[in-house]
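Below is one structure, written out as structure tokens; the observations come after it.
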Protein chains: 2
Amino acid sequence: MLSKSCIYGIQATIYVAANASQEFVPISQIASELKISFHFLTKVLQQLTQEGLMNSYRGPKGGVALAKPSTEITLYDLIGAIDGTSIFTECMLGLPGCGIAEPCPAHEHWTKIRNELTVIARRLTLDTMAKKAGELNVRLTDEFRYAQKLFPSIKPVNGAQA
Amino acid sequence: MLSKSCIYGIQATIYVAANASQEFVPISQIASELKISFHFLTKVLQQLTQEGLMNSYRGPKGGVALAKPSTEITLYDLIGAIDGTSIFTECMLGLPGCGIAEPCPAHEHWTKIRNELTVIARRLTLDTMAKKAGELNVRLTDEFRYAQKLFPSIKPVNGAQA
DNA sequence: CTTAATTTGGACAAAAGAGTCTGAAATCTG
DNA sequence: CAGATTTCAGACTCTTTTGTCCAAATTAAG
């Protein structure tokens, strides 16, 4: 479905969005929290900075940051920047000319799914995903438990149940 | 999305279903019509016979045939046999424990899409797809034009417009 | 029985994806 | 300025997917 690079990129940007207090977040910190290879994640995030979705800064106190408010970066942007938009446009059977004029046997069904997927990806912002992933002040049990999986360093706060 | 192997397998079975007049269809014929590497397609179809979706027969007049009526083989069966069912079950972000109890940030949206995809794949039979792909007696222009792309050997019949 | 057509099965090569490593460039701190 | 921290850029390896090739087994037809 999505490539590993893409999944890592999405998880990392969610992490950065959730840590909005830090100006620049070091890639090493993201990699160790999310248990992703540091060097590999570096490549993925370089791609996101080259695509204009993130800013980076070298040296001590450096790292990466979102280039835009987290409310303005969508899942669609992230997928498009890493895996490309073909998942939102291509025929299920990979036939180059598939379209309304020359539909493939699965055309109508797949376009329906694909369009829904596109709408969802365009609407789902980093902001929304980061909130679900659990900032420290989110105390809902389910979300907190997820947060621990994605961000192991997050510790229970008073009132949160593990 | 789907692997090349899977796409080839789907196209080939559609072709076999559309050529129901032939008892066994040689793989060489399928490969040349669909412009797929013969040896590669051979592997894919071997997989489908091992999974019980097709029968094969060696020697002259041999080839492959559907193991069941084309009304009883679904897109879900084909995808499951070649790529596996993970596309119908897995988390979008690849998180192992993602579920109702510990949903990932895209969980609710992705499961909705995934479920629709599953329903469609389970309902879409080879029979239906083969009809759309254009048997010789289908004269609808759009479907015929598609048929020529997927099955180049199919020639216009009287009344069909190229 | 011989020949040709066909699948089967395995080995192998090429390409793409995933992951690792090293050195260079930039930047902060003292 | 010196040293530490960090991204940047490229080379390299490993694995999976894709694609190619060949010999063996099976079967129909003459």
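Just so you know, these numbers come straight off a predicted model, no measurement behind them. These values consider heavy atoms only, across backbone and side chains, with no hydrogens, waters or symmetry-generated copies.
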Tell me: [atom1] of [X] to [atom2] of [N], nearest whole Å?
X     : N      : atom1 : atom2 : answer
A/L45 : D/dT6  : CG    : C1'   : 13 Å
B/F40 : C/dA13 : CZ    : C1'   : 14 Å
A/I7  : C/dG17 : CD1   : C1'   : 13 Å
A/N55 : C/dA26 : CG    : P     : 18 Å
B/F38 : D/dC21 : CZ    : P     : 12 Å
B/L41 : D/dT20 : CG    : C1'   : 14 Å
B/Q46 : D/dG19 : CD    : C1'   : 15 Å
A/K4  : C/dG17 : NZ    : P     : 14 Å

Does OP1 or OP2 of [N] have a side-chain N or O of [X] closer than 4.0 Å?
X     : N      : answer
A/T42 : D/dC8  : no
A/S5  : C/dG17 : no
A/K61 : C/dT29 : no
A/S37 : C/dT20 : yes
A/Y57 : D/dT5  : no
B/T49 : C/dT7  : no

Between the protein and nucleotides 12-16 of chain D, which nitrogen or oxygen pairs come in under 3.5 angstrom?
none

Test side-chain contact (heavy atoms from CB on, under 4.5 Å) on A/I14 and A/L126 and set out the steps. CA-CA 6 Å; A/I14 291 175; A/L126 266 185; 3.9 Å; yes
Please assess A/M1 against B/W110 for the test side-chain contact (heavy atoms from CB on, under 4.5 Å), listing each intermediate value before the final yes or no. CA-CA 12 Å; A/M1 190 64 205; B/W110 178 238; 3.5 Å; yes
Separation between NE2 (B/H109) and OG1 (A/T128), nearest 0.5 Å, reads 8.0 Å
If I compare all heavy atoms of B/L41 with all of B/A12, which pair ends up nearest, and what's the gap? CD1-CB, 3.9 Å
What are the two closest heavy atoms between B/A31 and B/F38, and how far apart are they? CB-CA, 3.7 Å
Mind running side-chain contact (heavy atoms from CB on, under 4.5 Å) on B/L48 and B/I82 for me, showing each step along the way? CA-CA 7 Å; B/L48 290 179; B/I82 301 177; 3.8 Å; yes
Side-chain (A/R114) to main-chain (A/E90) donor-acceptor, under 3.5 angstrom: yes
Judged by modelled atom types alone, do A/T118 and A/N115 share a side-chain donor-acceptor pair under 3.5 Å? no
Checking contacts here: which listed nucleotide (C/dT7, D/dC8, C/dT27) is nearest the side-chain heavy atoms of A/P60? C/dT27
Nucleotide nearest B/R58 (side chain, heavy atoms from C-beta), chosen from C/dT8, D/dT18, C/dA18: C/dT8
Give [X] one of three labels, base, sugar-phosphate or nothing, depending on what nucleic acid heavy atoms sit under 4.0 Å from its own.
X     : result
B/Q29 : nothing
A/Q47 : nothing
A/I27 : sugar-phosphate

